[in-house]
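Presented below is the structure to which this report refers.
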Amino acid sequence: MTQASVIGVPHGAPLDKNKRNWIVATCAVGGIGVAAVAVPLVSSMQPSEKAKAAGAAVEVDISRVLPGEKLTVEWRGMPVWIVKRTPEQLATLPNNDDLLADPKSKRKLPDWTPEYARNEHRSIKPEVLVVLGICPHLGCSPSDKFNPGAQPSLPDDWDGGWLCPCHGSTFDLAGRVYKNKPSPDNLQVPPHQYLSDTRLLIGDDKKA
């Protein structure tokens, strides 16, 4: 850069060394200031971790979940289980009513089980169960015990469901807790709705 290209210096005039240093320093600080302003602006346009944790709805494609399989997604920092139940699994649900603490999902807070899930299968569509994978007792995560039959810590006539390994609470394939178990309630059904036959929105049920 020639002396004549510096702003404020007449063409051909000698440039004082101290003035040149001052101009260079000023330009450098100005450039840094622009960069400092630009970075927060770009960052502010991105969803913050705080906003995600606050409960933004999560869209899920369930087209690849086969009957008998479970898909786990995260919402509000919690695991949400999406289980596609087989016809055989659905057929076992009425058999458990007398063994369950709350077969009609009437206990706890009014929104613990949304109105659209207060049915035998606790779901909008009979075959698709959506529940939080957290035991209401002390917040443990129950283990999958989908296979029926006698197993350690389970009854001989087990029809499938979940076992909380921490304190022994058991839940059927609708997430309903069995009687005389530490868990005070069924597994919670989060707000959700279908955007299409194969897409779920977890965390928003305004149109459900």
Side-chain angles (χ1 to χ4, degrees), residues 55-60 62 65 67-146 148 155 157-164 167-208:
V58 177
E59 189 172 333
V60 186
I62 62 171
V65 183
E69 292 184 347
K70 182 186 82 175
L71 173 66
T72 302
V73 299
E74 182 178 341
W75 173 66
R76 289 188 172 182
M78 300 179 290
V80 175
W81 294 340
I82 302 169
V83 182
K84 191 168 287 187
R85 295 170 290 196
T86 66
E88 293 76 17
Q89 289 173 329
L90 286 173
T92 67
L93 297 182
N95 301 336
N96 300 326
D97 283 4
D98 292 340
L99 305 174
L100 302 170
D102 183 21
K104 303 303 180 185
S105 300
K106 294 181 178 180
R107 289 165 54 180
K108 191 62 179 180
L109 302 173
D111 60 349
W112 193 259
T113 300
E115 192 65 37
Y116 49 80
R118 292 185 184 181
N119 45 52
E120 190 78 55
H121 37 80
R122 298 187 78 224
S123 58
I124 299 174
K125 293 185 177 184
E127 69 275 18
V128 180
L129 176 69
V130 181
V131 292
L132 295 184
I134 298 175
C135 179
H137 180 217
L138 292 176
C140 305
S141 185
S143 302
D144 297 348
K145 298 294 180 180
F146 292 169
D157 58 351
W158 179 249
D159 284 330
W162 289 274
L163 167 67
C164 185
H167 302 95
S169 293
T170 47
F171 304 86
D172 75 348
L173 284 167
R176 300 176 297 180
V177 67
Y178 283 82
K179 291 179 180 178
N180 304 316
K181 298 296 181 179
S183 175
D185 291 287
N186 299 330
L187 297 180
Q188 185 175 1
V189 175
H192 64 281
Q193 62 178 292
Y194 283 87
L195 302 178
S196 70
D197 288 341
T198 59
R199 298 199 74 80
L200 270 172
L201 188 65
I202 310 296
D204 186 350
D205 59 1
K206 294 178 182 178
K207 296 181 181 180

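Index from 1, following the sequence.
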What pair of heavy atoms forms the shortest contact from V177 to S183, and how long is it?
CG2-CB, 3.9 Å

Mark yes or no for whether K145, through its side chain, and L163, through its backbone, hold a donor-acceptor pair below 3.5 Å.
no

Got a sec, which pairs hit salt bridge (Lys or Arg N to Asp or Glu O under 4.0 Å) with one end in residues 127-144, sequence neighbours left out?
K70-D144

Considering all heavy atoms of both residues, which atom of R85 and which atom of S123 are nearest to each other, and what is their separation?
NH2-OG, 3.1 Å

Looking only at heavy atoms, what is the nearest atom pair of L129 and L173, with distance?
CD2-O, 3.3 Å

Can you name the nearest heavy-atom pair linking P142 to C135, along with the distance?
CD-N, 3.8 Å

Donor-acceptor check, side chain of N186 to backbone of D102, threshold 3.5 angstrom: yes or no?
yes

Determine whether R122 and V131 make a side-chain contact, defined as any pair of heavy atoms from C-beta on separated by less than 4.5 Å.
yes

Pair F146-T86, side-chain contact (heavy atoms from CB on, under 4.5 Å): steps then yes or no:
CA-CA 11 Å; F146 292 169; T86 66; over 6 Å; no

Working to the nearest 0.5 Å, report the span between CG of D159 and CG of L99.
9.0 Å

Do V130 and I202 have side chains that get closer than 4.5 Å, going by heavy atoms?
yes

For T113 against R118, the heavy-atom pair lying closest together:
O-NE, 2.8 Å

side-chain contact (heavy atoms from CB on, under 4.5 Å) partners for P103, two or more places apart
D97, L100, R176

Rounded to the nearest 0.5 Å, the CD atom of E59 sits from the CZ atom of R199 at a distance of 4.0 Å

Does a side-chain heavy-atom distance below 4.5 Å link Q188 with I134?
no

Angle between ring planes, W162 versus W81, binned at 30° and 60°: parallel, tilted or perpendicular?
parallel

Could you pull out the closest heavy-atom pair between L200 and H192, with the gap in Å?
CD2-CD2, 3.9 Å

Once rounded to the nearest 0.5 Å, what's the spacing between atom NZ of K84 and atom CD1 of I62?
5.0 Å

What is the distance from atom OG1 of T92 to atom CH2 of W158, rounded to the nearest 0.5 Å?
10.0 Å

Evaluate the side-chain proximity of E74 to V58: yes if any heavy-atom separation is below 4.5 Å, no if none is.
no

Reported CE-to-OG distance for the pair M78 and S141, which is rounded to 0.5 angstrom:
12.0 Å

How long is the span from the CG atom in L187 to the CH2 atom in W112, to the nearest 0.5 Å?
9.0 Å

Looking at K179 and D98, would you say the former's side chain and the latter's main chain have a donor-acceptor pair under 3.5 Å?
yes

